[in-house]
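Bear in mind the structure is a predicted one, so any value in this text is a computation, not a measurement. Proteins come first, then strands; the chains are lettered A, B, ... in the order of their sequence lines, and each starts at number 1.
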Protein chains: 2
Amino acid sequence: MNIGEAARASGVSAKMIRYYEETGLIRPAARTAAGYRTYGERDAHELRFIRRARDLGFPVAEIAELLALWRDRSRKSADVKRLAAERAAEFRRKIAALEAMAKTLEHLAACCAGDDRPDCPILEELTGGNAGGAAASPDARAQ
Amino acid sequence: MNIGEAARASGVSAKMIRYYEETGLIRPAARTAAGYRTYGERDAHELRFIRRARDLGFPVAEIAELLALWRDRSRKSADVKRLAAERAAEFRRKIAALEAMAKTLEHLAACCAGDDRPDCPILEELTGGNAGGAAASPDARAQ
DNA sequence: CTTGACCTTGCCATTGTGGGAAGCCCCATC
DNA sequence: GATGGGGCTTCCCACAATGGCAAGGTCAAG
């Protein structure tokens, strides 16, 4: 399998496959005489695994842990469970922060006349007041 | 006010103040003969505004819009309201995606025995199955 | 043999933030 | 007046993860 085929088979872009190789997430692929990377079914499988884990929001660093556990036939399921639970908890925290921000913004939007006049409670809040009490903590900025 | 004082007064780090200046979000500060940036109360105010908007999750590009509206005495409150509503809607979308991911992970964790044995439904799901039907769309990766 | 699709590497950009180095400046204290 | 510490300046590097582009080599079909 070429890198392009592996990309189509796994849903990971060729660019990302090279990146994952470069950063050590996956092992360097075998090469043809001409220098082309070649992949087998097992590699495609691993890439698909990575893709799914990314879709579930695992950061690459954690996927490395998951991959190690995956490769280790004698792993303890508890280790995997812990990672999944931690990730889920982190999502819950993020969700709560985003929820607070959304509520604040919706509150501000609701208070705003939304007409042609210049007075706008949104800007007034932003200017100096406490932003609705729902403003997130300093490090909770999303995006 | 020095840049350090302005930073303390606004909650925006000196580093970020320079960055905002460099990228045109704020106007270049006046300088002393020695090249030190100086800030007035108005500048600190503006920085505080930026800080709050960041805390509410506005990307910098949008803060530029908000700032322009803020500076414009004849703005229409509707314009501001629209921005707030759009941002809130975006948060709602993000929340939904994260919610789906959290649910999937919690489901997987719940199915996992979490003991010393190697069989783990989490890894099996990641390997090939449909990841719980709650997996987010390709571009919904958080973080 | 040509052509087009594919591969290679390498560099740049993104977003927002932090870290650090090298060098200059200001103020207080001795 | 000298000296020291802390603050300021600029510039470069780094992160995470991804996309894009360019120059050049390669493969396979016509």
Side-chain angles (χ1 to χ4, degrees), chain A residues 1-26 28-39 43 47 50-65 67 87 90 94 97 101 136-143, chain B residues 1-26 28-39 43 47 50-65 67 87 90 94 97 101 136-143:
Chain A
M1 242 190 301
N2 272 342
I3 197 172
E5 294 168 303
R8 277 185 294 276
S10 65
V12 179
S13 76
K15 198 93 193 215
M16 279 300 100
I17 296 176
R18 293 192 199 101
Y19 173 74
Y20 291 151
E21 176 181 321
E22 185 193 317
T23 56
L25 182 62
I26 57 178
R31 302 288 188 123
T32 68
Y36 280 28
R37 289 174 180 83
T38 54
Y39 299 88
D43 302 307
L47 287 169
I50 292 170
R51 178 53 148 71
R52 283 172 187 281
R54 288 291 298 131
D55 282 352
L56 282 175
F58 284 90
V60 172
E62 244 163 86
I63 296 180
E65 282 186 74
L67 268 180
R87 205 94 312 266
E90 183 133 332
K94 277 206 172 125
M101 296 192 258
S137 58
D139 60 356
R141 286 164 217 154
Q143 313 185 20
Chain B
M1 246 192 296
N2 273 342
I3 196 172
E5 294 167 304
R8 277 187 293 277
S10 65
V12 179
S13 75
K15 202 93 191 213
M16 280 300 98
I17 296 177
R18 293 193 199 100
Y19 172 74
Y20 291 150
E21 176 180 320
E22 184 193 318
T23 57
L25 182 63
I26 57 179
R31 304 286 188 124
T32 67
Y36 281 27
R37 288 175 181 82
T38 53
Y39 299 88
D43 303 306
L47 287 169
I50 292 171
R51 177 54 149 69
R52 283 173 188 281
R54 289 291 300 133
D55 283 351
L56 283 176
F58 283 89
V60 173
E62 245 163 85
I63 295 180
E65 282 186 73
L67 269 180
R87 206 95 310 267
E90 184 134 332
K94 275 202 175 131
M101 295 191 259
S137 56
D139 60 356
R141 283 165 216 153
Q143 315 187 15

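- Comparing D:dC8, C:dC7, D:dA17 by their nearest atom to the side chain of A:I3 picks out C:dC7.
- Across all their heavy atoms, B:T38 and B:R31 have their closest contact at OG1-N, 4.3 Å.
- Across the protein-nucleic acid pair, A:Y19 atom OH and C:dC7 atom C1' stand 21 Å apart, rounded to whole Å.
- Relative to the side chain of A:A34, the nucleotides C:dG20, C:dC25, D:dC27 differ in distance, and D:dC27 lies closest.
- The separation between A:I17 atom CD1 and C:dC6 atom P is 14 Å, rounded to whole Å.
- Between the P atom of D:dA17 and the CD atom of A:E62 lies a distance of 10 Å, rounded to the nearest Å.
- Distance, B:E21 CD to C:dG16 P: 18 Å, rounded to whole Å.
- Between B:A33 and A:G4, the residue anchored nearer the 5' end of DNA chain C, judged by the nucleotide with its closest heavy atom, is A:G4.
- Minimum atom distance to the side chain of A:M16 is reached by D:dA17, of the listed C:dG18, D:dA17, C:dC26.
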Could you go through the side-chain contact (heavy atoms from CB on, under 4.5 Å) check for A:I26 and A:I17 one step at a time? CA-CA 8 Å; A:I26 57 178; A:I17 296 176; 4.1 Å; yes
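- Interface remark: the B:Y20 side chain does not form any donor-acceptor pair with the C:dG16 base, using a distance-only criterion of under 3.5 Å.
- When each of D:dT9, C:dT8, C:dG20 is scored by its nearest atom to the side-chain atoms of A:R31, the top-ranked nucleotide is C:dT8.
- Salt bridge annotation for A:E90-A:R87: present, with a cationic side-chain nitrogen under 4.0 angstrom from a carboxylate oxygen.
- Contact annotation: A:N2 side-chain N/O to C:dC6 OP1/OP2 distance is not under 4.0 Å.
- In this structure the side chain of B:R54 reaches within 4.5 angstrom of the side chain of B:V60, judged on heavy atoms.
- A:R54 has a side-chain polar atom (N or O) that falls below the 4.0 Å cut-off from OP1 or OP2 of D:dT18.
- The distance from atom CD1 of A:I63 to atom P of D:dA16 is 13 Å, rounded to the nearest whole Å.
- One can place CD of B:E22 at 13 Å from P of C:dA13, the figure rounded to the nearest angstrom.
- When the nucleotides D:dA17, C:dG20, C:dG16 are ranked by their closest atom to the side chain of B:K15, C:dG20 comes out on top.
- For D:dT10, the OP1/OP2 oxygens have a side-chain nitrogen or oxygen of B:R37 closer than 4.0 Å.
- The shortest side-chain heavy-atom distance between B:R18 and B:R37 falls under the 4.5 Å cut-off.
- Comparing A:T32 and A:S13, the nucleotide of DNA chain D nearest to each residue sits closer to the 5' end for A:S13.
- One atom, OH of B:Y36, and another, P of C:dC24, lie 12 Å apart when rounded to the nearest Å.
- The nearest whole Å value for the distance from the CG atom in B:L47 to the P atom in C:dT17 is 12 Å.
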